[in-house]
Amino acid sequence: MSLYGMMQTGASGMNAQANRLSTVADNIANSSTPGYKRATTAFSSLILPSSAGSYNSGAVQTSVRYAITDAGSLEFTTSNTDLAIDGDGFFIVSNASGTPFLTRAGAFVKDGDGNLVNAAGFTLMGYDYTGGTPAPVVNGFDGLVPVNVESAGLTATPSSTGTFNANLDDSEAIIAPADLPSTNSPTAQYSHKSSLVVYDTVGKEILLDFYYSKTADDNWEVAVYDRSTATPGTGFPYGSPALATQALTFDPALNGALAAASATTITMAVPGGASLTIDMAKMSQLNYPFTVDAADVNGNAPSAVTGVEISSDGTVYAKYENGDLKPLYQVALANVPSPDNLIPLPGNVYSQGIDSGVITTGFGGSGGFGNLISGAIEGSNVDLAGELTDMIASQRSYTANSKVFQTGSDLLDVLVNLKR
């Protein structure tokens, strides 16, 4: 073994341990960084051809690896926009120029424009609900937009659908045609009455009166009026015609349910609003007092956004002061066959590597992707005690290799002095 080879080996060992110390330093520095993945230094020997009588010293090859697959522990917070992935997958984020990256760092907050950004300034990406329930583009990032939690402002929704289920008393007397509520006469009679609150296009409450009248055995009429035009005290006559009337036919052989040929809905135009269809398919006629089982109509009065809620599948909802939830976006997740071969970049993000495989996208809780947890972040997967142990071992190895280098240098000085 030559002295130069001896010095080269020592220098190579020092360089290898210096790289190891650098990764240990990075790990310790980022032990509290959300989503950070531990870096490790792997060594392999570089052996040069040698003969029985002559040894050629080699060196040490170094490669840095990242434990991206290993998840960090969950740390719960008080912010709904902090997100963690319980399982596989990465958040898709973009920089200021729109370039997409992957990350597990989910400490997101609103920026000045209402977009969700993490501590490194990368914007969370997802699919917009404007065009209906979104579907992921599984082999690319097309269609992704910044998730903006201030895109929903004060809103009012006109009523368009509803349900009403009730039992009509079979023992009620039959009402003559001239006295039915649909005639809107002062002598109008009815068997039962109920009312529903609906909303027009500006969110104003409209009260609708529903009259149920027995016209014959197993036959009923439903008439709907706008309460605002009613005669005080009696209702009839109303100042405007019925908004809608509908005949219902019941079948005693079906336990009082609607007959197969009967209508099951009633449709009307809400004053100042939209067309409203009420589903009455579960109405019944039994020898029992009038009883309402279920009544519900969509739409809402003007309501302001009070917060944001994010479900386990990544759907971002605007929460209004009236308690309604409106879906705005669905957070997209991405994954690759070999996450540990992704390329780490500044800002705790990753880009696709040659050996990482093709990126696929999807939603939380489906297709092998983990569930999203709102109000939590994934911590670093660094074991601080283990890093301190590695640091001590690396320091000792560095010192030993420096001694090899120093010994070779001293021997070389002796040989030079002998020649003199």
Side-chain angles (χ1 to χ4, degrees), residues 129-130 132-133 152-169 180-185 188-215 220-248 258 262-285 289-306 317-328:
Y129 256 86
T130 302
T133 303
L154 192 68
T155 183
T157 306
S159 298
S160 59
T161 61
T163 58
F164 189 88
N165 302 326
N167 177 68
L168 305 179
D169 191 351
L180 288 173
S182 57
T183 63
N184 196 22
S185 66
Q189 302 176 36
Y190 54 89
S191 305
H192 309 297
K193 178 185 178 182
S194 63
S195 300
L196 286 178
V197 174
V198 300
Y199 301 93
D200 65 11
T201 54
V202 296
K204 179 184 175 183
E205 291 186 358
I206 305 294
L207 196 58
L208 301 183
D209 291 335
F210 284 69
Y211 293 95
Y212 308 90
S213 306
K214 189 174 182 180
T215 58
W220 292 72
E221 177 195 81
V222 182
V224 185
Y225 284 90
D226 178 4
R227 170 75 67 83
S228 66
T229 67
T231 300
T234 61
F236 292 99
Y238 282 79
S240 59
L243 298 177
T245 59
Q246 185 61 270
L248 300 179
L258 287 172
S262 175
T264 57
T265 62
I266 183 170
T267 301
M268 68 212 71
V270 175
S275 176
L276 171 63
T277 299
I278 302 294
D279 183 359
M280 309 179 79
K282 294 185 178 180
M283 295 285 288
S284 63
Q285 178 201 247
F290 177 69
T291 305
V292 177
D293 297 321
D296 185 38
V297 177
N298 70 346
N300 62 269
S303 183
V305 177
T306 60
Y317 293 92
K319 184 176 183 180
Y320 291 90
E321 58 187 1
N322 63 0
D324 288 343
L325 295 174
K326 177 184 177 182
L328 302 177

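Just the heavy atoms: all of them, side chains too, but no hydrogens, waters or symmetry mates, feed the values below.
Under the 3.5 Å distance criterion, the side-chain polar atoms of N184 are matched with a main-chain donor or acceptor of Y238. A distance-only check finds a donor-acceptor pair linking the side chain of D200 to the backbone of G203 [under 3.5 Å]. Side chain of S213 to main chain of V222: no donor-acceptor pair is present (N/O by atom type, distance under 3.5 Å, no hydrogens or angles). In this structure a side-chain-to-backbone donor-acceptor pair under 3.5 Å is missing from T163 to A295.
Between Y190 and F210, a ring centre-to-centre spacing not shorter than 6.0 Å is recorded.
Within the 4.5 Å cutoff, the side chain of F164 has heavy atoms near those of the V292 side chain. In this structure, N298 and S160 have side chains that are in contact, with non-hydrogen atoms separated by less than 4.5 Å. At least one side-chain heavy atom of I266 sits under 4.5 Å from a side-chain heavy atom of V224.
Applying the salt bridge (charged side-chain N to carboxylate O under 4.0 Å, His left out) test to residues at least two apart or on different chains, none of the pairs has a partner in residues 234-244. Counting only residues at least two apart or in different chains, side-chain hydrogen bond (donor to acceptor under 3.5 Å, both in side chains) contacts with residues 269-279 comprise T267-T277.
Separating the OG1 atom in T291 from the CG atom in N165 is a distance of 12.5 Å, to the nearest 0.5 Å. Atoms CG and OG, on L207 and S228 in that order, are 9.0 Å from each other to the nearest 0.5 Å.
Heavy-atom minimum distance, A263 versus A247: CB-O, 3.9 Å. Among all heavy-atom pairs drawn from P271 and D226, the shortest one is CG-OD2, 3.6 Å. Across every non-hydrogen atom of G162 and L276, the tightest pair is N-CD1, 4.3 Å. Of all the heavy atoms in Q189 and P181, the pair that sits closest is O-CD, 3.0 Å. When every heavy atom of L243 is checked against every heavy atom of M268, the shortest pair comes out as O-CB, 3.9 Å. Across every non-hydrogen atom of T265 and Q246, the tightest pair is O-NE2, 3.2 Å.
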* Y317 and K326: side chain to side chain contact (heavy atoms under 4.5 Å, CB included), yes or no, with the steps? -> CA-CA 5 Å; Y317 293 92; K326 177 184 177 182; 5.9 Å; no

* To do: Give the C-alpha distance, both sets of side-chain angles, the deciding distance and a yes or no for side chain to side chain contact (heavy atoms under 4.5 Å, CB included) between W220 and L168.
  => CA-CA 9 Å; W220 292 72; L168 305 179; 3.6 Å; yes

* **Audit row: L248, T264, side chain to side chain contact (heavy atoms under 4.5 Å, CB included) steps and yes/no** => CA-CA 8 Å; L248 300 179; T264 57; over 6 Å; no

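Remark: E221 engages S182 in a side-chain hydrogen bond (donor to acceptor under 3.5 Å, both in side chains) (not counting sequence neighbours). T133 pairs by the side-chain hydrogen bond (donor to acceptor under 3.5 Å, both in side chains) definition with nothing, not counting sequence neighbours. Judged as a side-chain hydrogen bond (donor to acceptor under 3.5 Å, both in side chains), and not counting sequence neighbours, the contacts of S284 are N167.
For the residue pair S303 / D324, no side-chain donor-acceptor distance below 3.5 Å is found, with atom types taken as modelled.
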Please output the side-chain donor-acceptor pairs of residues 192-199 that fall under 3.5 Å, not counting sequence neighbours, one pair per line with the distance.
residue, atom, partner, partner atom, Å
H192, NE2, D169, N, 3.2
S194, OG, Y212, OH, 3.2
S195, OG, D209, OD1, 2.9
S195, OG, R227, NH2, 3.0

